[in-house]
Structure formats: C-alpha cells, structure tokens
Engineer: 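I have a structure I would like to understand better, so I am pasting it below and will then ask my questions one at a time.
In this text the structure is predicted, and so the values were computed from the model without any measurement. The sequence lines fix the lettering, A, B, ..., with proteins before strands; numbering per chain opens at 1.
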Amino acid sequence: MERRVRVRFAPSPTGPLHIGGVRTALYNYLFAKKHGGDFLLRIEDTDQTRFVPGAEDYIIESFRWLGVNFDEGVGVGGNYGPYKQSERKELYKPYAEQLVKNGWAYYAFDTAEELDKLRKEAEAQKKTFQYDCNTRGNLCNSLTLSAEELEKRLASGETFVIRFKFPKDTEIEVQDLIRGQVVINSNLLDDKVLFKSDGMPTYHLANVVDDYLMKISHVIRGEEWLPSAPLHVMLYKAFGWEKEMPQFAHLPLLLKPDGNGKLSKRDGDRLGFPVFPLEWHDPKSSEISSGYREQGYFPEAVINILAFLGWNPGTEQELFSLNELIDVFSLDRISKSGAKFDLEKAKWFNHQYMLQKPAKEIAQLFLPVLQSKGIENVSSEYLEQVCTLSKDRVNFVSELWEQASFFFQAPESYDEQVVKKRWNETSAAHLKKISEILNTAAFDKQTLHDEVANYIQNNSLNMGQIMNCLRLSLVGAAKGPDLFEIIVLLGKSESTKRITKACEVLG
RNA sequence: GCCCCGUUCGUCUAGUUGGCCCAGGACGCCAGAUUUUCAUUCUGGAAACCAGGGGUUCGAAUCCCCUACGGGGUACCA
C-alpha cells in the first residue's frame with residue numbers, strides 16, 4: 001500500500017528565513033499538494049543559544065504572505081503535536097537511551113574543552129581529530145569506563161553526551177530521489193552527538209525521532225544535509241524503523257549571484273536584491289534587511305521565481321500560478337547543481353504579474369504610495385484609470401509614482417533636454433491654438449486626436465515637434481502613455497491650465 | 001587535509017532510454033519595426049564546440065575513467 005505523503009518544513013528560528021529556505025518549503029508544499037498529502041511546519045529550536053526572538057512569527061508570517069499554507073504544525077495544530085521541539089524536550093532522552101541499551105550509542109564524558117584540545121593538537125600535526133571507531137577506545141566514555149565507574153559518574157549527575165556508535169567497515173547507502181544512490185564507508189564518519197549535555201537532542205536525533213513520530217514520508221531538504229544523511233539512515237536502522245524511513249531528496253543550493261559560495265544573508269543588500277521574503281529588523285543589531293514584500297514584489301511572482309530556481313517543468317511555459325505549479329511539479333525535474341539568483345529575471349517575472357493583475361488591485365497597492373506623497377482625495381475611478389494606463393510600463397508598484405506622478409500634480413519643471421530639442425519661439429502660439437481645440441471639440445480621445453492632427457497638417461507643421469511640446473506641457477517630460485489618453489483623464493480645465501502655464505514659463 | 005555532491009550561452013535552463021543537437025527556450029544585451037515621447041509590444045541577431053583530456057561506439061552533451069574547477073560537509077549549529 002502506498003504511504004500517505006507527509007512532508008515537513010523544519011526551520012530553526014535563528015533569524016529570518018532566507019529565500020533558499022523558502023524555496024525548500026515551496027518544493028515540499030508543491031510535492032505534498034501534488035500527491036494529496038500533508039505539509040507540516042515543525043520548529044527545530046534545540047539550540048537554545050541561537051534562539052532569536054521573533055524569528056518564529058517571521059516564518060509564519062512569510063508563508064502567510066506567500067499563500068503557502070501548512071496543514072499541520074506550529075501555528076495551526078494537528079494530531080502529532082507539539083510541533084516545536086523545545087516543547088517535546090522530554091521525549092527525546094528515552095530514545096537516545098534506547099540506543100545505548102541496544103548497543104548503537106554510548107555515553108561520553110569528554111568535555112568540550114578536552115575535545116577542543118585534541119582537535120588543536122591534531123591540527124598542529126596537519127591531521128584531523130575525529131571521535132570515531134578509531135579513537136573512541138581511548139576516550140572517556142561508557143565503552144572504556146568500567147561498569148562501576150560508569151555507574152558512579154551517572155549517579156553523581158556528571159554531565160554527558162550520548163554519541164552514535166558507527167559500526168566499522170560498513171558501506172552505508174543512501175537513496176536520494178534527486179541524486180540516486182550515494183555510498184559512504186562508515187569508517188570515515190564520526191560518532192555524532194545525539195544528545196547534548198544540556199538535556200537537548202541534537203538535530204540528528206530530534207529530526208529522525210520526530211519524522212518517525214510524525215509519520216513523515218519524504219524528507220526534502222537542502223544539500224547541506226547530504227553528508228549527514230548516512231547517519232540518519234543508520235539511525236532508522238538502529239531504531240528498527242527501516243520500514244518507516246522516509247525517502248530523501250537533497251535540493252541543490254542557492255548560490256551568490258556574483259563570485260562563489262552559497263547565498264548568505266549579507267548578499268542581499270550588498271547586491272541590491274532581497275534575500276528575505278519580508279523585511280527583517282534584527283532585534284540585537286537593529287540592522288534592517290530588505291524583503292521581497294517591501295521591495296514591491298508580488299507574492300505570486302516570488303513563488304514563480306523561486307520555483308524556477310533549480311526546477312523547471314520541461315516545457316516552455318514560465319508563468320505559473322501556485323495551483324498550476326502543483327499540477328506540474330515533480331522531484332525528478334529538480335536539477336542537481338546550484339543556482340544563482342538572477343535579479344533581472346526576477347524583475348521580469350514581477351513585470352509579468354504586473355501585466356496580468358487588474359488595475360483595481362494595483363490601485364489598492366498604489367494608494368499608500370500616493371498618501372505618502374501627500375496626494376489625497378483621488379477618486380478610485382481616476383486612480384484605477386491611471387493604473388490601467390501606467391502599470392504596463394513598470395516592474396513594481398513603487399515605480400508607478402515616478403511614471404505617473406503628473407496625473408496627480410502639474411509639472412513643476414520641464415525636462416531641459418526636451419525643451420532644447422523641441423521647444424521654439426512658435427511653440428507657445430501653436431499650443432494656444434491646440435488649447436482652443438481642446439475646449440471646443442468633443443472631449444474624447446479619438447476626436448481630440450483627429451482635430452489636433454488636422455491642425456498640424458493644415459498648418460504644415462511637424463507632428464513630432466508639436467506633439468512633444470504638448471506632452472512637455474502636460475507631463476513635464478518625454479514619458480507617459482498616449483497623449484490623448486492623458487488629456488482625457490486630466491480633463492479639459494486641468495489640461496488647458498497646464499498648457500497655459502507651460503507657455504508662460506517657456507515662452 | 002579528508003569525505004560527499006556537482007560542471008550545457010553572462011544567468012536560469014531544455015536536452016532523461018546515445019543518432020531528429022554543428023545544441024532549443026527564457027532573462028539580459030544588440031539591431032530593426034511600430035509610435036507624438038518614454039515604456040510596452042513585435043521581428044531579427046550575437047551569445048555555450050556541451051569544464052579539459054582520454055576511452056567505448058558506425059555515431060556521445062548524453063556511457064566509462066582521469067584531471068581541473070565549483071559547491072557542501074567535517075561542532076555538545078541547524
């Protein structure tokens with residue numbers, strides 16, 4: 001029988017979630033929905049020293065904005081809770097001890113300082129110290145201590161960690177849905193700490209135990225986890241959970257757009273694109289990192305951008321809604337190599353959504369911008385029409401002001417380049433005539449166009465010359481949509497007023 | 001250092017079983033068209049000899065090996 005698909009996104013709340021994480025979550029979500037399964041949010045806060053206040057809410061808010069919804073987990077509940085590892089704290093130790101009992105793990109009493117020293121010594125000899133099958137026999141642990149000594153130490157409350165005991169000379173196979181089979185020899189692996197001296201499990205233990213208890217069917221996570229996948233596979237074996245072991249899929253990483261290395265938090269503001277879904281105010285440094293939302297990206301665009309960073313549908317279609325992505329998504333179309341973020345393409349995606357979106361929706365988003373510029377009392381119809389005329393010309397709502405401000409305030413100055421090129425001593429006289437036409441002709445786009453064109457033709461004038469002067473007087477620059485659309489929208493009196501003023505100023 | 005993963009236009013990538021690929025699409029770039037301007041739009045173009053070198057084969061981007069380069073890991077972080 002097919003197992004029910006259950007996947008999880010399991011971030012640790014150590015700061016804002018970056019887009020690599022968002023993409024991982026997205027792929028999990030798409031996979032779950034594609035197969036009619038469940039998508040859960042589990043918070044992995046086993047490292048108490050790295051906890052950052054606000055990070056958890058940030059994560060939840062990010063996915064709410066993106067429209068990626070969890071079926072279960074922190075913030076939504078479910079039958080397998082709690083979904084925050086710190087709230088499951090008590091549950092892990094028995095599992096670790098079970099492994100000690102059945103010989104798959106052992107207590108270790110070496111202090112962090114002692115191990116540090118060993119590492120430094122090894123380093124001095126250009127070697128690497130590893131706590132493994134070759135060294136554990138010489139260290140302080142339940143494999144080397146006598147039974148009485150061990151008993152004494154445990155009874156006295158001395159702190160310890162529990163380490164996994166890798167068997168010697170074993171080829172460990174990991175089946176990866178993206179990479180195929182990966183094999184590694186156990187002698188190369190170190191005896192990872194499963195349970196820390198502060199009473200918390202490490203990622204490895206908590207992850208495997210929780211995935212098992214939460215009946216996770218597929219683990220889709222970043223490639224940085226591939227090296228520890230053999231450990232996880234062995235843990236399932238050690239617990240006797242081989243049948244319940246999820247399938248693994250390790251995603252390629254998101255790389256810096258320039259240079260080398262994986263995308264980091266710092267890259268965003270350095271290179272002019274956000275690495276976070278939402279703006280993040282660091283509680284400690286009070287540093288602000290920009291977010292897609294605040295930069296004016298549409299959530300649909302961000303989804304689309306991220307989906308295509310490391311995956312593609314194999315067709316030439318590039319624009320997909322979230323639901324369409326669910327339809328066509330599959331893990332075997334994920335590429336193996338890392339992807340660099342392309343800012344230009346990201347803008348293009350946003351532009352595509354700008355084209356698609358109804359003016360009404362854009363108007364809603366533009367309203368706050370107008371208010372910030374002190375523009376009040378604009379009718380929603382007027383605003384909407386401005387958006388209809390202008391939205392195709394920008395990538396972001398925030399650029400709309402630059403493109404369309406003249407619809408709300410008369411030009412204060414006139415682009416000098418254009419003045420120099422187009423305005424001459426006869427311009428004012430002609431514009432006054434055109435102003436008269438505007439006042440007498442039927443006030444619709446087509447009629448106005450024809451009348452003005454007639455005037456220009458009858459007087460053997462240059463179309464470009466006159467039209468550009470007219471535009472200059474209304475807009476103040478050589479930009480904007482169709483001139484007669486502008487005139488009709490601005491209205492008769494405003495248009496003539498602007499023409500008159502331009503004639504006065506420019507002579 | 002050691003281990004693992006990867007490598008097709010500047011970027012994202014198609015190319016899954018070797019022949020239809022002297023490699024296709026998209027972004028960006030360049031040119032032209034349209035236009036009263038700017039932008040959109042449309043048309044066209046430059047752009048990867050498939051990391052390099054060896055094989056296997058009648059035939060390889062596609063299979064094998066080596067090298068180089070890139071990335072990840074190597075913590076009582078996730």
Engineer: Please check the phosphate of B/rU74 (OP1 and OP2 only) for any side-chain N or O of A/Thr128 closer than 4.0 Å.
Structural biologist: no
Engineer: Among the candidates B/rA78, B/rG73, B/rU36, find the nucleotide nearest to the side-chain atoms of A/Asp47.
Structural biologist: B/rA78
Engineer: Looking only at the side chain of A/Leu115 (C-beta and beyond, no hydrogens), which of the listed nucleotides B/rU40, B/rC76, B/rC38 gets closest?
Structural biologist: B/rC76
Engineer: Reckon A/Arg179 touches a base, only the sugar-phosphate, or nothing at all at heavy-atom distances under 4.0 Å?
Structural biologist: sugar-phosphate
Engineer: Taking OP1 and OP2 of B/rA14, is either one under 4.0 Å from a side-chain nitrogen or oxygen of A/Asn312?
Structural biologist: yes
Engineer: Heavy atoms under 4.0 Å, any strand shown: does A/Gly314 hit a base, just sugar-phosphate, or nothing?
Structural biologist: nothing
Engineer: Out of B/rC27, B/rA78, B/rU41, which has the shortest distance to the side chain of A/Asp342?
Structural biologist: B/rC27
Engineer: Under a 3.5 Å distance rule, please check whether A/Arg163 uses its side chain to pair with a backbone N or O of A/Tyr107 as donor and acceptor.
Structural biologist: no
Engineer: When the C1' atoms of B/rA60 and B/rG55 are compared, how many Å lie between them, rounded to an integer?
Structural biologist: 12 Å
Engineer: Under 4.0 Å from OP1 or OP2 of B/rA75: is there any side-chain N or O of A/Arg119 that close?
Structural biologist: yes
Engineer: Base, sugar-phosphate, or nothing: which does A/Phe308 touch, judged by heavy atoms less than 4.0 Å apart?
Structural biologist: sugar-phosphate
Engineer: Looking at B/rG24, B/rA26, B/rC12, which one has an atom nearest to any side-chain atom of A/Glu316?
Structural biologist: B/rG24
Engineer: In whole angstrom, give me the gap between the C1' atoms of B/rA51 and B/rG70.
Structural biologist: 10 Å
Engineer: Ignoring hydrogens and angles, tell me if any N or O in the side chain of A/Arg23 forms a donor-acceptor pair with the backbone of A/Leu306 under 3.5 Å.
Structural biologist: no
Engineer: Give me the distance, rounded to whole Å, that separates B/rC76 from B/rU17 when you measure between the C1' atoms they each carry.
Structural biologist: 49 Å
Engineer: I'd like to know if A/Lys345 reaches the base of B/rA26 with its side chain such that a donor and an acceptor end up less than 3.5 angstrom apart.
Structural biologist: yes
Engineer: Distance-only check: which donor-acceptor pairs under 3.5 Å involve side-chain atoms of residues 409-416 of chain A, not counting sequence neighbours?
Structural biologist:
| unit_1 | atom_1 | unit_2 | atom_2 | d |
| --- | --- | --- | --- | --- |
| A/Asp415 | OD1 | A/Gln417 | N | 2.9 |
| A/Asp415 | OD1 | A/Val418 | N | 3.4 |

Engineer: Not counting sequence neighbours, which residues clear salt bridge (charged side-chain N to carboxylate O under 4.0 Å, His left out) with A/Asp110? List them please.
Structural biologist: none
Engineer: Scan residues 157-174 of chain A against RNA chain B and write down, sorted by residue number, each residue with any heavy atom closer than 4.0 Å; if none is found, say none.
Structural biologist: A/Val161, A/Arg163
Engineer: Is A/Glu300 salt-bridged to A/Lys357, cutoff N-O under 4.0 Å?
Structural biologist: yes
Engineer: Would you indicate what A/Asp110 reaches in the nucleic acid, counting non-hydrogen atoms under 4.0 angstrom: base, sugar-phosphate, or nothing?
Structural biologist: base
Engineer: Using a 6.0 Å distance limit plus a 45 degree cone around the ring axis, check whether A/Arg153 lies over the aromatic ring of A/Phe109.
Structural biologist: yes
Engineer: Which part of the nucleic acid, if any, lies within reach of A/Gly222 when heavy atoms closer than 4.0 Å are counted: base, sugar-phosphate only, or nothing?
Structural biologist: nothing
Engineer: I want to verify a distance call: between B/rG15, B/rA78, B/rU37, whose nearest atom is closest to the A/Tyr203 side chain?
Structural biologist: B/rA78
Engineer: Need one value for A/Asp482: base, sugar-phosphate or nothing, where a base atom within 4.0 Å counts as base even if backbone is also close, heavy atoms only.
Structural biologist: base
Engineer: What pairs of donor and acceptor atoms, side-chain ones from residues 394-402 of chain A against any protein atom, are under 3.5 angstrom apart with sequence neighbours left out?
Structural biologist:
| unit_1 | atom_1 | unit_2 | atom_2 | d |
| --- | --- | --- | --- | --- |
| A/Asn395 | OD1 | A/His351 | ND1 | 3.4 |
| A/Glu399 | OE1 | A/Asn395 | N | 2.8 |
| A/Glu399 | OE1 | A/Phe396 | N | 3.4 |

Engineer: Starting the side chain at C-beta, find the nucleotide from B/rU11, B/rC5, B/rG73 nearest to A/Glu223.
Structural biologist: B/rC5
Engineer: Listing request: all side-chain hydrogen bond (donor to acceptor under 3.5 Å, both in side chains) pairs with a residue in residues 445-456 of chain A, at least two apart in sequence or in separate chains.
Structural biologist: A/His430-A/Tyr455, A/Asp444-A/Thr447, A/Lys445-A/Glu485, A/Gln446-A/Asp450
Engineer: Would you say the rings of A/Phe298 and A/Tyr353 are close, in the sense that their centroids are separated by under 6.0 Å?
Structural biologist: no
Engineer: Distance between the P atoms of B/rU62 and B/rU7, in whole angstroms?
Structural biologist: 12 Å
Engineer: For B/rC77, take OP1 and OP2 only and decide whether either is under 4.0 Å from a side-chain N or O of A/Lys196.
Structural biologist: yes
Engineer: When the C1' atoms of B/rG25 and B/rU74 are compared, how many Å lie between them, rounded to an integer?
Structural biologist: 40 Å
Engineer: Dump every N/O contact between nucleotides 44-50 of chain B and the protein below 3.5 Å, one line per pair.
Structural biologist:
none

Engineer: Between A/Phe9 and A/Phe63 (judged by ring centroids, cut-off 6.0 Å), do the two rings come close enough to count as a pair?
Structural biologist: yes
Engineer: Take atom P in B/rG45 and the same atom in B/rC3, then report the distance between them in whole Å.
Structural biologist: 49 Å
Engineer: Give a yes/no answer on whether the side chain of A/Arg50 brings an N or O atom under 4.0 Å of OP1 or OP2 in B/rA75.
Structural biologist: no
Engineer: Judged by atom type as modelled, is there a donor-acceptor pair below 3.5 Å linking the side chain of A/Asn141 to the main-chain atoms of A/Tyr106?
Structural biologist: no
Engineer: Classify the nucleic acid contact of A/Ala112 as base, sugar-phosphate or nothing, counting any heavy atom under 4.0 Å across all strands shown.
Structural biologist: base
Engineer: NA contact type, A/Lys336, heavy-atom cut-off 4.0 Å: base, sugar-phosphate, or nothing?
Structural biologist: sugar-phosphate
Engineer: For a quick check of understanding: with a heavy-atom distance under 4.0 Å over all strands, which category does A/Pro481 fall into, base, sugar-phosphate or nothing?
Structural biologist: base
Engineer: Return the nearest nucleotide to the side chain of A/Ala339; candidates are B/rA39, B/rG72, B/rC12.
Structural biologist: B/rC12
Engineer: How far, in whole Å, is B/rU13 from B/rC21 if one measures between their P atoms?
Structural biologist: 23 Å
Engineer: Is A/Thr111 touching bases, backbone alone, or none of the nucleic acid, heavy atoms closer than 4.0 Å?
Structural biologist: base
Engineer: Can a side-chain donor-acceptor contact be found between A/Gln181 and A/Asp176 if the only test is distance below 3.5 angstrom?
Structural biologist: no
